[in-house]
Q: 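Sending over a structure as structure tokens; questions will come in a sec.
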Amino acid sequence: GLVPHIVYVDASAMEPLGTEEVAAAAYSLAENGFVILEPADAEGPSLVDRALCQRCEGAAVEQCELLLRQVGQRAGINVFEKRFYFAEICHRVDGGLRYDMRCDVPGAAACWQDLQAEVERLARPVI
């Protein structure tokens, strides 16, 4: 079975991961292949700034819509029905509603670099 895979951390602290949290998270990562970091106080601050996540969400939707328009026009296909594979975006299942899209492409919104820095601040001590 799974070892505990959720590690609760103090999101209000400058360094939310203390020695015990890092050890528990690293153990879950080694044993389970993943770990979930959650704020100890569900009503308190989030681990990653919510406004930053909302900016990235908006940027992702905008970028996805742009890429889908470009693929449809340039490849001459219905991007909602046909599979396609490009470096920036792909659709692996005919008629599926899931698209894989890169967010680190040149010209991407600056919020992605900010989000990466926030995530690395939490992940680096664990990995």
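Residue numbers run from 1 in the order of the sequence given. Not measured: the values here are computed from a predicted model.
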Q: Please find the pair of heavy atoms, one from Ala59 and one from Trp112, that lie closest to each other, and give the distance.
A: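 So the minimum-distance heavy-atom pair works out to CB-NE1, 4.0 Å.
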
Q: Would you check if the side chain of Tyr99 reaches a backbone N or O of Leu68 as a donor-acceptor pair within less than 3.5 Å?
A: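 No, because the side chain of Tyr99 does not come within donor-acceptor range (under 3.5 Å) of the backbone of Leu68.
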
Q: Where is the tightest heavy-atom contact between Cys111 and Leu52, given as atom of each residue plus distance?
A: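 That would be O-CD1, 3.6 Å.
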
Q: CG of Asp10 to CD of Glu15: how many Å apart, nearest 0.5 Å?
A: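 These two atoms lie 11.5 Å from each other.
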
Q: Might you point out which heavy atoms bring Asn32 and Pro4 nearest each other, and give the distance in Å?
A: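 So the minimum-distance heavy-atom pair works out to ND2-O, 3.9 Å.
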
Q: Would a single hydrophobic cluster contain both Tyr27 and Leu29, if residues Ile, Leu, Val, Met, Phe, Trp and Tyr are joined by side-chain heavy-atom contacts under 4.5 Å?
A: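 Unlinked, Leu29 and Tyr27 end up in two clusters.
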
Q: Taking the side chain as every heavy atom from C-beta outward, state whether Glu118 and Asp114 have any atom pair closer than 4.5 Å.
A: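 SC-SC contact between Glu118 and Asp114 ruled out.
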
Q: Can you tell me how far CG of Leu97 sits from CZ of Phe80, rounded to the nearest 0.5 angstrom?
A: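 Phe80 atom CZ to Leu97 atom CG measures 9.5 Å (nearest 0.5 Å).
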
Q: Could you tell me which non-hydrogen atom of Ala11 sits nearest to which non-hydrogen atom of Ser46, and how far apart they are?
A: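 Of all heavy-atom pairs spanning Ala11 and Ser46, the closest is CB-O, 3.9 Å.
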
Q: Would you say Leu47 ends up clustered with Phe34 if hydrophobic residues are merged whenever their side chains have heavy atoms under 4.5 Å apart, either directly or through other cluster members?
A: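 No, because Phe34 and Leu47 fall into different hydrophobic clusters, even though each may have its own neighbours under 4.5 Å.
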
Q: State the CG-NZ distance between Asp94 and Lys82, to the nearest 0.5 angstrom.
A: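 Interatomic distance, Asp94 CG to Lys82 NZ, rounded to 0.5 Å: 5.5 Å.
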
Q: Find out if a path of hydrophobic residues (ILVMFWY) with successive side-chain heavy-atom gaps under 4.5 Å connects Ile36 to Leu115.
A: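 No, it is not one cluster - the side chains of Ile36 and Leu115 are not joined through contacts under 4.5 Å.
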
Q: Quick one: does Ile89's side chain get under 4.5 Å of Val79's, heavy atoms only?
A: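 Sidechains of Val79 and Ile89: no contact.
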
Q: Decide yes or no for Gln116 and Val119: does some side-chain heavy atom of the first lie under 4.5 Å from some side-chain heavy atom of the second?
A: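 SC-SC contact between Gln116 and Val119 ruled out.
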
Q: Do Ile77 and Leu67 sit in the same hydrophobic cluster, where Ile, Leu, Val, Met, Phe, Trp and Tyr count as joined when their side-chain heavy atoms come under 4.5 Å apart?
A: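 Same cluster.
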
Q: How far apart are the closest heavy atoms of Arg92 and Cys90, and which atoms are they?
A: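 Minimum heavy-atom contact is CG-SG, 3.9 Å.
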
Q: Are the side chains of Val48 and Leu122 in touch, meaning some heavy atoms are under 4.5 Å apart?
A: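 They are in contact (side-chain heavy atoms under 4.5 Å apart), so the answer is yes.
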
Q: Kindly compute the distance separating CZ (Arg74) from CZ (Phe84), expressed to the nearest 0.5 Å.
A: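 So the CZ of Arg74 and the CZ of Phe84 are separated by 13.0 Å.
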
Q: Can you check whether Gly96's main-chain N or O pairs, donor with acceptor, with His91's side chain at less than 3.5 Å?
A: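 It does hold such a pair.
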
Q: Which pair of non-hydrogen atoms, one from His5 and one from Ser28, has the smallest distance, and what is that distance?
A: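 Reported closest heavy-atom pair: CA-OG, 3.3 Å.
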
Q: Are Met101 and Val61 connected, step by step, through hydrophobic side chains (Ile, Leu, Val, Met, Phe, Trp, Tyr) whose heavy atoms are closer than 4.5 Å?
A: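 In one cluster with Met101: Val61, no.
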
Q: Looking at Glu120, I want to see if its CD is surrounded by more than 12 non-hydrogen atoms of other residues, nucleotides or ligands under 6.0 Å.
A: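 Count over threshold, so yes.
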
Q: Look only at the side chain of Glu21 and the backbone of Gly18, and say whether a donor-acceptor pair between them is shorter than 3.5 Å.
A: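 Flag set: sc Glu21 to bb Gly18 pair under 3.5 Å.
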
Q: Counting only heavy atoms not in Glu62, do more than 12 sit closer than 6.0 Å to its CD atom?
A: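 Atom CD in Glu62 is not packed in, count stays at 12 or less.
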
